[in-house]
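Have a look at the structure below before the remarks.
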Amino acid sequence: MAPRTEILLETPPAAVMPEPLSSRVAPGRLARLAALVTPVASREDAEVRSPLDGRFVGAVPRSTPEDVLAAVGKARKAQEEWLHQTFAERAAVLIRFHDLLIERQDEVLDLIQIEAGKARKHAFEEVADTAIVARYYAVHAEEHLGPKKRQGALPGLTVAWEHHHPVGVVGIIAPWNYPLSMAVTDAIPALMAGNGVVLKPDQKTPFTALWAVELLREAGLPAALFQVVTGEGARLGTPLIESCDAIQFTGSTATGRKVGRQAGERLIHCSLELGGKNAMIVLADADLEAAVAGAIRGCFSSAGQLCISIERLYVHEAVYHRFVDRFVRETRALRLGRGLDWDADMGSLISSEHLAKVAAHVEDAVAKGATVLAGGKARPDLGPCFYEPTVLADVTAAMTLYAEETFGPVVALSRFDSIHEAVERANDSVYGLNASIWTEDVELGHRVATRLQCGTVNVNEAYAAAWASVDAPMGGFKDSGLGRRHGAEGILKYTEPQTIAIQRGLPLAAPAGMTDEAFSRTMSATLKALRRIPGLR
Ligand code: NAD
């Protein structure tokens, strides 16, 4: 075990020194992390406050558009060398990062909790996810990107090879809700593919991202290869998109459209991981105990601030009452808390603005006739941004939260009487990110899943099974995004594919002494013959 660093939060600007939130973040630690931001000549600072109690956590530079250009320039220069590293050399860095991350997790779990306000067990999901992605691409990047011999135009005469070149510098714009996962897991395949990275984490959660970048450097990543700029997206997004060679954006659909438009103008690759309004379907034969536990995880992990979390719950009428009784009882029993320990089942929302949005969704629904079965209130006694896990029934299309993403711990519960109806209602959304189906008949679950218009569907799990199966792609249909993370798609997108075809012997045209007409007859006969060779594509 590495020696444990003693951690205290930065001294707040006010004279009052509150109880330190964390005993594992050492004095001066956050200032050292802030120093990793691409240096700026004249700097303004941006404050970071904890949603857990509103206290000042630390300050990071408020980067400027010029800083973004400088960051891209540095990453581009470093990438010229990184590009020549072998897959094995790059993988060694990521495997060291994986091991260090697991060893040092206590410190980053505190940081995630302090910045994002979530319960520790939800912060741990990010550690596990990041480790899984690091191992996967360390092991599989070469298999996805190494040169491959392809079938040539004419067997024996043409030999074709497929190569993948790094695009150069990948810009990553990340949200606050998974400040470790979203900052690093898309960067990992970009780095394995031989690119440099410039990351703009959300302004509310920069320290977690900086912690991860520092760890990557300790694991052996060249320092200049992975740059970080901090500040508002509206100010830094455009210069980043205008200077990078590919852009990976995770956030709201509204911002994603803006990013997509700008990337389209430059004709650079753009991958967009956006919002969701995800449905869970509980079939009549489901194991209800497991389904209720899955629904609790699906609806209330990270206080519902998870793009793949469940906001619509459809239960077969044969088991509706039994499911609801148990689900409501277990929802009411959830322990809310802000301790940096494992005691709480759910933490805080990210900000008072977000709390106001979640509360407004519930108030609108209740004013229009929804029934509150559990929760439905803010909890200022616990912290400025806490909101109870909330279960609503009688939700109708007239209510805002019927179709709009709440992005909070609020679920609308309703019943159905046929699988066809459940599928129709689940698909009745502009979003198509994630869905969940519960049934003892996994063959049936699999068949129903293929009828859902979603990028991931979990059978007998809420979201974690598909999310953690990183050998397979993850992303959204419809307004939930464009492009995919994970699997082959998650790394190929950071490359320029190149086909090299070597022609031997005869040319693909009339050779000297043959007329074009004779060539076309010979070629036609050859094509007819090739058509009859089994297996020839
Ligand atoms: P947001 O779009 O407001 O912010 C996301 C990031 O974009 C932040 O870093 C922000 O600074 C930046 N940004 C803001 N304006 C920008 C602009 N004009 N140009 C470029 N960048 C800009 O998102 P949010 O509301 O903070 O995050 C929550 C949303 O993210 C939810 O809708 C959620 O579903 C979605 N999300 C999706 C996934 C996924 O994988 N599909 C994962 C996490 C979150």
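Start at 1 and go down the list; that is how both ligands and their atoms are numbered. All of these numbers come straight from a predicted model, not from anything done at the bench.
At the top of the distance list for atom 28 (C) of ligand 1, counting protein heavy atoms only, stands F407 CE2, 3.6 Å. Nearest protein neighbour of atom 15 (N) of ligand 1, counting heavy atoms only, is T255 CG2, 3.5 Å. For atom 13 (N) of ligand 1, the closest non-hydrogen atom on the protein side is G233 CA, 3.4 Å. Taking atom 27 (O) of ligand 1 as the reference point, the nearest protein heavy-atom neighbour is W176 NE1, 3.8 Å.
Of the listed options G256, S252, S351, G481, S252 places a heavy atom closest to atom 2 (O) of ligand 1.
The distance from ligand 1 to the heavy atoms of I173 drops below 4.0 Å at these ligand atoms: 6 (C), 7 (O), 9 (O), 12 (C), 20 (C), 21 (N). In summary, the atoms of ligand 1 found under 4.0 Å from a heavy atom of C307, numbered by their order in the structure, are 34 (O), 36 (N), 37 (C), 38 (C), 39 (C), 40 (O), 41 (N), 42 (C), 43 (C), 44 (C). Shown in contact with E273 at under 4.0 Å from a heavy atom are these atoms of ligand 1, numbered in order with element: 37 (C), 38 (C), 39 (C), 40 (O), 41 (N).
Between H144 and Y136, the ring planes are tilted. Angles from 30° to 60° get that label.
The shell of residues lying under 4.0 angstrom from ligand 1, judged by heavy atoms, excludes G476.
Contacts between Y178 and ligand 1, counted as non-hydrogen atom pairs separated by less than 4.0 Å, are absent for every part of the residue.
Taking 4.0 Å as the cut-off between side-chain N and carboxylate O, R62 and E44 count as a salt-bridged pair.
When only interatomic distances are considered, the shortest N/O to N/O separation between E405 and ligand 1 falls below 3.5 Å.
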